[in-house]
Amino acid sequence: ETGVTQSPTHLIKTRGQQVTLRCSSQSGHNTVSWYQQALGQGPQFIFQYYREEENGRGNFPPRFSGLQFPNYSSELNVNALELDDSALYLCASSLVSGPTAGELFFGEGSRLTVL
Amino acid sequence: RKEVEQDPGPFNVPEGATVAFNCTYSNSASQSFFWYRQDCRKEPKLLMSVYSSGNEDGRFTAQLNRASQYISLLIRDSKLSDSATYLCVVRDDKIIFGKGTRLHILP
């Protein structure tokens with residue numbers, strides 16, 4: 001296994017609510033990225049954090065926000081949930097340098113259903 | 001043009017056959033390239049990085065053509081366990097996944 005853990009694994013929210021998803025990165029990895037994967041689609045890049053700062057962002061609105069903590073774990077927060085936010089949310093950890101730089105190691109994901 | 005495009009699937013291939021996937025990307029400044037596989041309702045897992053000179057790992061060969069902006073993955077002597085969705089990934093200041101190509105290996 002990758003050593004990347006995510007919580008919760010499943011959750012159900014209603015439209016307009018807020019959600020926080022959590023991710024612990026693989027030991028030694030200093031970079032965390034988040035993805036949204038709808039059924040039948042590839043993962044869509046939300047953003048990446050390195051040394052507690054966001055250093056890359058995909059085409060997601062500001063109601064998608066995140067944090068990275070000194071231990072490199074991370075949170076994804078989504079405000080004002082919409083029905084289309086229902087998806088699998090994946091977290092991946094990686095390194096920025098070295099022979100394995102850029103290789104992503106994923107957690108099992110958090111499946112969010114918005115009703 | 002989409003940032004990353006993959007062959008539409010699914011591919012239904014008999015066991016033992018050779019399968020080839022292609023993936024094109026739009027940003028010529030893209031820096032690194034990868035292939036991942038994803039089993040149904042599971043997370044993506046790294047299959048291999050793609051190096052400029054091409055690289056091989058057992059039955060799998062990956063190639064990069066920067067001039068034409070595409071990467072490829074060849075699977076030789078396909079096994080039933082190769083059935084999965086194959087995703088190409090291109091990195092610049094973002095991390096972009098293709099939609100994936102579903103592969104079914106038939107017994």
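Scope of the values below: all heavy atoms of this structure, side chains included, with no hydrogens, waters or symmetry mates.
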### Spacing of CD belonging to Glu43(B) relative to SG belonging to Cys91(A), to within rounding of 0.5 Å
11.0 Å
### Message
Is Arg57(A) in contact with chain B via its backbone, its side chain, both, or neither, using a 4.5 Å heavy-atom distance?
### Response
backbone
#### Entry: Minimal non-hydrogen separation, Tyr36(B) against Glu103(A), with atom names
OH-C, 3.8 Å
### Query
Is Leu115(A) reachable from Leu81(A) through a run of hydrophobic residues whose side-chain heavy atoms are each under 4.5 Å from the next?
no
### Query
Would the number of heavy atoms belonging to other residues, nucleotides or ligands and lying under 6.0 Å from CG of Asn59(A) be above 12?
no
### Summary
Here the gap from Phe97(B) atom CZ to Gln44(A) atom CD, rounded to the nearest 0.5 Å, amounts to 10.0 Å
### Query
Given that the side chain runs from C-beta out, which part of Gln48(A) has a heavy atom under 4.5 Å from chain B: side chain, backbone, both or neither?
side chain
### Message
If you define the side chain from C-beta out and look only at heavy atoms, does anything of Lys45(B) sit under 4.5 Å from Phe106(A)?
### Response
no
### Task
Using the rule that two of Ile, Leu, Val, Met, Phe, Trp, Tyr join whenever any of their side-chain heavy atoms come within less than 4.5 Å, decide whether Val19(A) and Ile46(A) are in one cluster.
yes
### Task
Check whether Ala92(A) gets within reach of chain B through its side chain, its backbone, both or neither, counting any heavy atom under 4.5 Å.
neither
### Query
Leu104(A) versus chain B, heavy atoms under 4.5 Å apart: side chain, backbone, both or neither?
both
### Message
Are Leu46(B) and Leu73(B) linked, directly or through intermediate hydrophobic residues, by side-chain heavy-atom contacts shorter than 4.5 Å (ILVMFWY only)?
### Response
no
### Part of Gln38(B) within contact of chain A (heavy atom distance under 4.5 Å)
side chain
### Message
Could you check whether atom CZ of Arg59(B) has more than 12 heavy atoms from other residues, nucleotides or ligands sitting under 6.0 Å from it?
### Response
yes
### Task
Counting only heavy atoms closer than 4.5 Å, note whether Phe47(A) contacts chain B via side chain, backbone, both or neither.
neither
### Message
Quick check on Ile96(B) against chain A: is it the side chain, the backbone, both or neither that has a heavy atom closer than 4.5 Å?
### Response
neither
### Task
Please say whether more than 12 non-hydrogen atoms of neighbouring residues, nucleotides or ligands are located less than 6.0 Å from CZ in Arg66(B).
yes
### Message
I'd like to know which of Pro44(B), Ser49(B), Gly100(B), Gly98(B) tops the heavy-atom pair count under 4.5 Å against chain A.
### Response
Pro44(B)
### Task
Assess whether atom CG of Leu39(A) is packed by more than 12 heavy atoms of other residues, nucleotides or ligands within 6.0 Å.
no
### Message
Using the rule that Ile, Leu, Val, Met, Phe, Trp and Tyr join whenever any side-chain heavy atoms are under 4.5 Å apart, tell me whether Phe60(A) and Val78(A) fall into a single cluster.
### Response
yes
### Message
For the NZ atom of Lys42(B) and the CG atom of Leu90(A), what is their distance to the nearest 0.5 Å?
### Response
12.5 Å
### Message
If hydrophobic clusters are built from ILVMFWY residues whose side chains come within less than 4.5 Å, do Phe64(A) and Leu21(A) share one?
### Response
yes
### Non-hydrogen side-chain atoms of Leu87(B) and Pro43(A) separated by less than 4.5 Å
yes
### Query
Looking only at heavy atoms, what is the nearest atom pair of Tyr35(A) and Ile95(B), with distance?
OH-CD1, 3.2 Å
### Query
When you look at CD of Gln63(B), are more than 12 heavy atoms from neighbouring residues, nucleotides or ligands closer to it than 6.0 Å?
no
### Query
From Ser33(A) OG over to Arg91(B) CZ, what is the distance, rounded to the nearest 0.5 angstrom?
6.5 Å
